[in-house]
Amino acid sequence: MNNRVLVFDTTLRDGEQSPGVRLSVADKIEIGRQLVDLGVDILESGFPISSPGDFESVETLARELKGVTICALTRARQKDIEVAAEALKPAERRRIHTGLGVSANHLDFKLRMTKEQALETGVNAVKFARQYTDDIEYFMEDSGRADPEYVYRVVEEVIKAGATTINVPDTTGYTYPNEYYHLIKGIIDNVPNSDKAIFSCHCHNDLGMATANTLAGVMAGARQVEVTVNGIGERAGNTALEEVVMALHIRSDKFMCQTGIDTKQLLATSRMVSRLTGMTVQRNKAVVGANAYAHSSGIHQDGVLKERSTYEIIDPHLVGAEKSEIILTARSGRHGLKFRLHEMGFDFPDERFEHLYNEFLKVADTKQEVYEDDLRELVNR
């Protein structure tokens with residue numbers, strides 16, 4: 001099985017759907033260029049028919065960004081596809097992403113179609129899109145709650161019609177990893193022409209399992225992951241790019257897969273997206289949070305200062321962070337305090353250090369964190 005996992009970034013489409021986020025065309029170009037430098041394979045640039053502004057964004061990104069496949073989202077409607085094709089014209093490499101729901105919930109309440117009507121509509125959309133590009137991705141919305149047998153039928157028919165990537169979304173974040181693994185594996189094992197397409201994981205984080213589900217999909221044979229920087233997106237968000245990429249990297253023994261991402265740019269990319277979207281990254285966010293490489297407990301500080309791998313499985317330099325941080329609090333021990341003082345150029349005999357440590361604890365009990373200025377004041381005292 002191919003061990004290369006394609007990274008499909010949808011920060012500028014699904015990510016921008018986060019309530020309260022509005023990116024200008026200039027913002028999208030800035031983020032888009034950074035995503036290309038980061039090494040994403042496919043960049044989903046927008047939903048062109050949704051508004052004139054979105055059309056302009058897709059067209060501009062298609063013209064400005066090189067070395068990446070530019071993708072545009074459509075519904076399974078001819079007009080949507082025509083508009084997307086027009087917006088994608090300037091692209092070096094273009095992909096049309098079309099599809100519709102497959103769950104009983106979506107068929108009955110949203111689409112108001114029978115299974116047969118939806119299948120026919122999807123197949124016709126793929127055939128129509130093939131006029132404009134050979135790179136067609138078909139999404140089966142709400143696959144996580146759909147009848148697997150119907151999913152298998154849809155996959156087989158849209159591949160016959162010309163779809164080259166099949167997106168299997170857990171649209172509502174409903175599934176858990178074992179279920180999603182068997183959903184992807186079931187498709188690959190039961191669809192006769194499954195070897196003619198790449199399968200893609202698009203998972204939402206409503207129950208906090210987007211990353212776990214995506215990785216389960218990769219274990220089952222999916223070779224594309226649909227992600228956003230910092231996990232931004234509808235409701236509780238999408239699968240976080242940085243989490244999946246680093247999980248595949250750190251646990252290469254388990255997944256035996258790799259991406260083309262330059263991990264040293266992950267932190268810079270995260271900060272750019274946070275700044276331009278106005279969405280603050282929580283301090284304890286995996287991989288890119290402010291606390292991801294910070295240690296305040298004395299036991300942890302002692303271990304990390306002796307050997308980083310005791311409490312850190314990711315070298316901070318690997319994601320573009322300068323170093324691990326020793327944060328001084330009332331829970332910090334002697335080793336952490338001595339290390340920070342040494343960084344500041346201070347070394348003391350044991351007796352004097354003990355006195356300083358006791359004074360440090362008195363200050364630490366009154367503050368969330370003891371800063372460098374506090375330490376200088378203690379030393380001067």
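Quick caveat: nothing in here was measured; it's all calculated off a predicted structure.
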Are Thr239 and Thr211 linked by a side-chain donor-acceptor pair shorter than 3.5 Å?
no
Of all pairs that satisfy salt bridge (charged side-chain N to carboxylate O under 4.0 Å, His left out), the ones with a partner from residues 239-260, not counting sequence neighbours:
Glu242-Lys285, Glu243-Lys285, Arg251-Asp253
Looking only at atom types and distance, does a side-chain atom of Asn205 sit under 3.5 Å from a main-chain N or O of Met209, one as donor and one as acceptor?
yes
If you apply the rule side chain to side chain contact (heavy atoms under 4.5 Å, CB included), what do you find for Leu207 with Tyr176, and how did you get there?
CA-CA 9 Å; Leu207 292 174; Tyr176 66 95; over 6 Å; no
Measure the shortest side-chain to side-chain distance between Arg63 and Thr60 over non-hydrogen atoms and say whether it is less than 4.5 angstrom.
yes
Intermediate values then yes/no, side-chain hydrogen bond (donor to acceptor under 3.5 Å, both in side chains), Glu137 and Thr165
CA-CA 5 Å; Glu137 178 168 344; Thr165 301; 4.8 Å; no
Can Glu30 and Arg275 be counted as an ion pair, charged N to O under 4.0 angstrom?
yes
Taking side-chain hydrogen bond (donor to acceptor under 3.5 Å, both in side chains) as the definition, give me every residue that meets it alongside His106, ordered by chain and number, with sequence neighbours left out.
none
Around atom CG of Asp350, are there more than 12 heavy atoms of other residues, nucleotides or ligands at under 6.0 Å?
no
Within a reach of under 6.0 Å around OH of Tyr174, are more than 12 heavy atoms found that belong to other residues, nucleotides or ligands?
no
Salt-bridge contact Lys367-Asp374 (side-chain N to carboxylate O under 4.0 Å)
yes
If I compare all heavy atoms of Ile327 with all of Ala294, which pair ends up nearest, and what's the gap?
CG1-CB, 3.8 Å
Which atom pair, heavy atoms only, marks the closest approach of Leu119 to Tyr150?
N-OH, 3.6 Å
As a quick check of understanding, evaluate side-chain hydrogen bond (donor to acceptor under 3.5 Å, both in side chains) for Asp262 and Gln265, giving each step before the final call.
CA-CA 6 Å; Asp262 176 5; Gln265 297 197 49; 3.0 Å; yes
State whether Arg145 and Asp142 are salt-bridged, where the test is any N-O pair (Lys NZ or Arg NE/NH1/NH2 against Asp/Glu carboxylate O) under 4.0 Å.
yes
What distance separates Ile42 CD1 from Asp135 CG, expressed to the nearest 0.5 Å?
7.5 Å
Taking Ala210's backbone N and O only, do any of them form a donor-acceptor pair with Thr214's side chain (distance below 3.5 Å, no angle check)?
yes
Please lay out, stage by stage, how Glu116 and Thr114 fare under the test side-chain hydrogen bond (donor to acceptor under 3.5 Å, both in side chains).
CA-CA 5 Å; Glu116 296 305 320; Thr114 66; over 6 Å; no
Arg223 side chain to Val218 backbone, donor-acceptor under 3.5 Å:
yes
Group every Ile, Leu, Val, Met, Phe, Trp and Tyr by side-chain heavy-atom contacts under 4.5 Å, then state whether Phe139 and Val191 land in the same group.
no
State whether the side chain of Glu120 and the backbone N or O of Gln117 hold a donor-acceptor pair below 3.5 Å, judged by distance alone.
no
With side chains defined as the heavy atoms from C-beta onward, is the minimum distance between Leu43 and Leu12 less than 4.5 Å?
yes
Any idea how His202 and His204 line up, ring-wise: parallel (<30°), tilted (30 to 60°), or perpendicular (>60°)?
tilted
Does anything in residues 289-302 form a side-chain hydrogen bond (donor to acceptor under 3.5 Å, both in side chains)? List the pairs, not counting sequence neighbours.
Arg283-Asn291, His295-Glu312, Gln301-Ser332, Asp302-Lys306, Asp302-His335
Backbone N or O of Gln34 within a donor-acceptor pair of the Asp37 side chain at under 3.5 Å?
no
Residues passing the side-chain hydrogen bond (donor to acceptor under 3.5 Å, both in side chains) test with Thr171, sequence neighbours excluded, are none
State plainly whether the residues Glu86 and Lys89 are in salt-bridge range, i.e. N to O under 4.0 Å.
yes
Just by distance, do the side chain of Ser45 and the backbone of Val58 share a donor-acceptor pair under 3.5 Å?
no
Ser24 side chain to Asp27 side chain, donor-acceptor N/O pair below 3.5 angstrom
yes
Considering residues at least two apart in sequence or located in another chain, which fulfil the side-chain hydrogen bond (donor to acceptor under 3.5 Å, both in side chains) criterion with Glu16?
Arg22, Lys28
Evaluate the side-chain proximity of Leu318 to Met246: yes if any heavy-atom separation is below 4.5 Å, no if none is.
yes
Transitively linked via ILVMFWY side-chain contacts under 4.5 Å: Leu88 with Phe55?
no
Side-chain donor/acceptor of Ser194 to backbone N/O of Ile188, under 3.5 Å
yes
For the pair Asn358 (side chain) and Glu354 (backbone), establish whether a donor and an acceptor sit closer than 3.5 Å, ignoring hydrogens and angles.
yes
Taking only Lys NZ, Arg NE, NH1 and NH2, and the carboxylate oxygens of Asp or Glu, determine whether Asp41 and Arg4 approach each other closer than 4.0 Å.
yes
Shortest non-hydrogen pair, Lys115 vs Leu107, comes out as CG-CD1, 3.8 Å
side-chain hydrogen bond (donor to acceptor under 3.5 Å, both in side chains) evaluation trace for Thr11 with Asp9
CA-CA 6 Å; Thr11 303; Asp9 184 275; 2.9 Å; yes
Where do Ala84 and Pro48 come nearest, in terms of heavy atoms and distance?
CA-CG, 3.8 Å
Just by modelled atom types, is the Thr175 backbone N or O under 3.5 Å from a matching donor or acceptor in the Asn213 side chain?
yes
I want to check something: taking the side chain as every heavy atom from C-beta on, are Phe47 and Arg75 in contact at a cut-off of under 4.5 Å?
yes
Can you find a pair of side-chain heavy atoms, one from Arg33 and one from Leu65, that are under 4.5 Å apart?
yes
Run the salt-bridge test on Glu92 and Lys66 with the 4.0 Å N-O cut-off and return the result as yes or no.
no
Can you confirm whether Leu38 sits close enough to Leu241 that some side-chain heavy atom of one is under 4.5 Å from a side-chain heavy atom of the other?
yes
If you define the side chain from C-beta out and look only at heavy atoms, does anything of Ile299 sit under 4.5 Å from Tyr311?
yes
Would you find a donor on one side and an acceptor on the other, under 3.5 Å apart, between the side chain of Thr10 and the backbone of Asp14?
yes
Provide the closest heavy-atom pair for Leu61 versus Ile29 in the form atom of the first, atom of the second, distance.
CD2-CA, 3.9 Å
For the residue pair Asp134 and Arg130, establish whether any side-chain heavy-atom pair is separated by less than 4.5 Å.
yes
For Leu341, the option from Asp347, Leu356, Leu328 that meets side chain to side chain contact (heavy atoms under 4.5 Å, CB included):
Leu356
May I ask you to decide whether Lys323 forms a salt bridge with Glu343, counting only side-chain N to carboxylate O separations under 4.0 Å?
yes
Near Glu322 CD, under 6.0 Å, is it more than 12 heavy atoms from other residues, nucleotides or ligands?
no
Taking all non-hydrogen atoms of both residues, which atom of Val168 and which atom of Ser143 are closest, and how far apart?
CG1-CB, 3.6 Å
Phe8 meets the ring-ring contact (aromatic ring centres under 6.0 Å, His included) criterion, sequence neighbours left out, with His97
Is it true that Glu157 and Arg153 have a side-chain N and a carboxylate O under 4.0 angstrom from each other?
no
Scan Glu44, Glu226, Glu234 and name whichever one has a salt bridge (Lys or Arg N to Asp or Glu O under 4.0 Å) with Arg13.
Glu44
